[in-house]
Structures are given as structure tokens and as C-alpha cells.
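Numbers here simply count residues along the sequence, with the first being 1.
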Amino acid sequence: MATTTREPNQPKKKLPLFPLISLLSFTSIFFLLSQFRNTSSSSSSIKAFSSIHNFQIDHRRGSCDYSDGIWIYDESRVSRYDSSCKEIFKGWNCVRGNKANGVEVAKWRWKPNGCSDLDQFDPLRFLQTHTHTSIGFVGDSLNRNMFVSLFCTLRSSISDGQVKKWRPAGADRGFTFLTYNLTIAYHRTNLLARYGRWSASENGGALETLGFKEGYRVDVDVPDSTWAQAANFHDILIFNTGHWWWAPSKFDPVNSPMLFFKNGQPVIPPLRPDEGLDMVLEHMKSYVEEKARPGAVKFFRTQSPRHFEGGDWDQGGSCQRDRPLSAEQVEELFSVKNNGTNVEVRLVNEHLNKALKGSSFVILNITYLSELRADAHPASAGGKKHDDCMHWCLPGITDTWNDLFVEHLNSIEHRS
């Protein structure tokens, strides 16, 4: 069981019957999802939902399951870049935002159980060994968090004038390291699938008959235009999705529900969001495997946890801890049985497991090691109105995600 060690020393209108039933089906999703249970013993309950598969890194001297371990405080640990990296979003810059433990966040290192230490990858060596390569991050803002970490790390190893802004088709951000012809890009997509506002037609239709007036149309079999071309452009792809699927503040189950379409037609009966996620994952997995370049390496990152305590972001929730959680605190905060504010992290992983099992995707499992790090979010740094307990400080834990990513990549390339 993972624990932390060596802590730092520091401080009314009536609705027709059918519409009412349809709308109520969406509001019931959170109750239904709360009924998921892990049938394994309590001693393995934490990893059962945090991990999808026990994917292991081949260290040539034996395999290592990096998903289980401990965070060790290391006063001598130095980040490969600092808060001066211009690509760091202001809200994630915990040092300049005067977060109390902003510097300490990056002093913790991840030690996998039964393995040698997970080393910080050498950015210059990475550039030298990945010339003429394109890397694409595809997903929500947590994948941007990881993208920025990688950029700042690589940027720290070269001189001015050796990097140029350049965005592949659809990308939100992108850079090319000129000497090495290495491109990294971030393609923003909240659901992976195409979606947009939907309003009832005056001519009627299947959804109109059920009483739906407005919502969000989600085409489960059509990739978002921001990354549709990324699949056959990049040599290495890192996908994620999850946060927007459990977001009643964005997709209100009554006033603006997610309405799923397939082959241009609404799916009837309407699906719950978790059922829609399954369909999107299945179609997007097939799309990527069909469109990807020969030899492309395809990663799917597991869900990044939130750490709201005392309520959600709009209910006064906060994350003011200054050190990692214990394993027992993790279970209390994320247990599906407890059905707490942050429960979606393990539910999303269950859906990823179902969809990606047997596919050609490599699972980048960052969930459990991240669940421990309640101290590593920006929280109220920079004078935020609401605590940000979802994104991560930079420098910070997403640097470790990239260390794992590179370790995985090296293992794959060695076997190849």
C-alpha cells in the first residue's frame, strides 16, 4: 500500500409525460453511477479503480509496475525548468502566484515499489534521439498541462532561436525545435467527438417528439475537427478525455443535456452520458487505429484526479493541503463506495478499461500517483475566485507524467 514519507518542514410550466421521463433519465445518472462497486477485497480496492491495467515498463533488467509507489520528499531535487517558462498558463504558475508550497510541489519524487528510481529524463538526449518526429497531445486542458510541462522541459536544454511556434492543422498550440526537427503540439478537444449546440426543429423529429427543446449534439462517430488530421500527422500521440463527461455545470442534464447522434441521426432511446462515452471511445479508437501513420505510437492517458474537499468548485470546495495524502486518505476521497465529489476519476477509468482492452493503445497510467498529490494543485494561487483543484502547478506533477511517458517510449523503442 502506498504511503508518503519524509515530509518537508514548513507551515412552472407543466411538461408532457414523455419529456419529463426523458429529462429525469439524465438527472438519475449520478445515482446510477454511484452504484458501481468493486468486488475485489478492500486491500486492493485503491488500485482496482485507480489503475486500468498493470502495464509495466521494461527496464531490460526486469519489469516495473510504476503505477504503485510512494512520494519521497527530496530537498535537493531541482526542476529542469522554472517559473520563467513563458508557456506556463498564469493560473498554473504556483511560484509566481505565491502559493505557499509552490516551490515545494516539485521537490517530491515518485519511487515505484520494487523498482529502481524513476529518473528525470534528459531533455537534450530526448531531442537528439527523436529527430524528425512529431508528438501530438489530444484532449482537454489536463493534456495541455502535460504538453506545457514537456515543452518547458525541452526548451530548457536549448538556446534562444532554436524553437519556433508552429501549429499543425487544428492544433491549439505547437512548437518546432528547429535543430532537431521535433514538433510538439496540443490539439484541444473536450469530448474527442464533435459536439455543438442543438435546438429543436420546427419540423419536429425523434428528439422533439420526446419533448427535448435544446441541448448539445454529440456525434459519437465523428472526431472533433481540432484533431481529425492529427491521427495521420503525428508519430506519437497522447490522448485523454473524461472531465467534461461528468460535468453537470457544463452539460446540465435537464436544461442542456448531451444528445447523442450516430450516422447523423439521434440515438433513440437517448443515452446517459456514460453510455455515450462508451460509444465515443469505441468509434474514436477505431478511427485512430485506421488513420494512424505506420509505426505510430499511440498512448491513452488515464484520468487525472481532482481534489476538491468540502464541495465542488462552485460549492466552496478547496484544496489547501501542503503535502501528499496517505493511502487511507486517498481511499476516503476517491472511493466509488463513498460517491464523493471527485468520484469520476475511477469511473472514467472503468470506461477506458472497457474500451481500450485489446487495442493497440499504450496506457499511460498516472491516476494513483496523482491521487496522492492533493498538495500539487494551484488552489487559490494568484488570487483565484474559486480554488483550482483540477489542474496542476508547473513545475509539478505533470513533469513526472512526462518522465513516465518517456520511460514508456524508451521501453517501446528498445523492444522495437
Side-chain angles (χ1 to χ4, degrees), residues 57-60 64 66 74 76-89 92-96 102-103 105-112 115-138 142-168 171 173-186 234-238 297 299 301 362 364 366 369-370 376 392-414 416:
I57 297 174
D58 180 3
H59 283 285
R60 306 182 193 182
C64 173
Y66 69 83
D74 184 352
S76 65
R77 186 174 176 86
V78 178
S79 177
R80 288 154 291 189
Y81 63 94
D82 59 30
S83 60
S84 66
C85 180
K86 295 181 180 179
E87 189 63 12
I88 300 177
F89 180 63
W92 304 342
N93 199 323
C94 294
V95 174
R96 294 195 172 184
V103 174
V105 164
K107 295 289 187 182
W108 295 86
R109 62 181 174 84
W110 180 245
K111 173 66 172 66
C115 310
S116 58
D117 286 351
L118 176 67
D119 296 326
Q120 294 177 310
F121 79 88
D122 182 337
L124 183 57
R125 177 170 174 75
F126 185 86
L127 288 167
Q128 292 170 340
T129 56
H130 291 86
T131 57
H132 310 294
T133 301
S134 182
I135 302 172
F137 291 81
V138 178
L142 273 300
N143 247 16
R144 180 180 176 181
N145 222 164
M146 185 178 176
F147 160 79
V148 173
S149 165
L150 181 62
F151 169 77
C152 291
T153 302
L154 297 178
R155 178 68 182 82
S156 69
S157 67
I158 61 174
S159 59
D160 292 339
Q162 288 187 295
V163 62
K164 177 183 178 181
K165 286 186 177 181
W166 184 79
R167 294 183 298 168
R173 315 286 294 175
F175 299 91
T176 295
F177 295 84
L178 299 174
T179 302
Y180 307 96
N181 192 27
L182 170 70
T183 295
I184 65 171
Y186 164 62
H234 296 293
D235 303 292
I236 302 168
L237 292 152
I238 304 99
V297 181
F299 289 89
R301 179 179 57 73
V362 178
L364 187 63
I366 55 80
L369 65 89
S370 304
W392 302 97
C393 294
L394 291 174
I397 191 175
T398 49
D399 302 332
T400 299
W401 294 5
N402 278 312
D403 291 332
L404 292 171
F405 159 62
V406 173
E407 196 70 52
H408 255 313
L409 197 58
N410 290 342
S411 178
I412 293 168
E413 292 169 347
H414 171 67
S416 298

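- Considering only residues two or more places apart in sequence or on other chains, Ser157 meets the side chain to side chain donor-acceptor pair (under 3.5 Å) condition with none of them.
- No side-chain donor-acceptor contact under 3.5 Å links Asp117 to the backbone of Asp119.
- When every heavy atom of Pro168 is checked against every heavy atom of His234, the shortest pair comes out as CG-CE1, 4.0 Å.
- Remark: side-chain polar atoms of Asp399 are paired, donor with acceptor, to backbone N or O of Gly396 under 3.5 angstrom.
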Where do Thr133 and Phe177 land on the side chain to side chain contact (heavy atoms under 4.5 Å, CB included) test, with the steps shown first? CA-CA 10 Å; Thr133 301; Phe177 295 84; over 6 Å; no
Start with the C-alpha gap between Ile397 and Val105, add the side-chain angles, then the distance that decides, and say whether side chain to side chain contact (heavy atoms under 4.5 Å, CB included) holds. CA-CA 8 Å; Ile397 191 175; Val105 164; 6.0 Å; no
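- Partners of Asp160 according to the side chain to side chain donor-acceptor pair (under 3.5 Å) rule, which considers only residues two or more places apart in sequence or in another chain, are Arg155.
- Partners of Ser156 according to the side-chain contact (heavy atoms from CB on, under 4.5 Å) rule, which considers only residues two or more places apart in sequence or in another chain, are Arg80, Tyr81, Pro123.
- In this structure, the side chains of Leu154 and Leu182 come closer than 4.5 Å at one or more pairs of heavy atoms.
- The local environment of CZ in Arg125 is sparse, with at most 12 non-hydrogen atoms from other residues, nucleotides or ligands closer than 6.0 Å.
- For the pair Asn93 (side chain) and Ile88 (backbone), a donor-acceptor distance under 3.5 Å is absent.
- His130 and Phe126 have parallel rings, their planes meeting at less than 30° on a 0 to 90° scale where 60° marks the start of perpendicular.
- Applying the salt bridge (Lys or Arg N to Asp or Glu O under 4.0 Å) criterion to Arg144, with sequence neighbours excluded, gives no partner residue.
- A search for side chain to side chain donor-acceptor pair (under 3.5 Å) contacts involving Thr179 returns Gln162, not counting sequence neighbours.
- The shortest distance between side-chain heavy atoms of Arg301 and Leu142 falls below 4.5 Å.
- Side chains of Trp401 and Ser370: a donor-acceptor N/O pair is present below 3.5 angstrom, by distance only.
- The closest side-chain heavy-atom distance from Thr183 to Thr176 is below 4.5 Å.
- To the nearest 0.5 angstrom, Asn143 atom CG is 10.5 Å from Thr398 atom OG1.
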Decide yes or no on side chain to side chain contact (heavy atoms under 4.5 Å, CB included) for Ile158 and Leu127, but give the supporting numbers first. CA-CA 10 Å; Ile158 61 174; Leu127 288 167; 3.7 Å; yes
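- Between the side chain of Ser411 and the backbone N or O of Glu407 there is no donor-acceptor pair closer than 3.5 Å.
- The minimum heavy-atom distance linking Ala185 with Ala171 is given by the pair CB-CB, 4.2 Å.
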Output, in order, the C-alpha distance, side-chain angles, deciding distance and verdict of side chain to side chain contact (heavy atoms under 4.5 Å, CB included) for Leu118 and Tyr66. CA-CA 8 Å; Leu118 176 67; Tyr66 69 83; over 6 Å; no
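- Scored by the side-chain contact (heavy atoms from CB on, under 4.5 Å) test, Lys165 finds Arg173, Phe175 as partners (sequence neighbours excluded).
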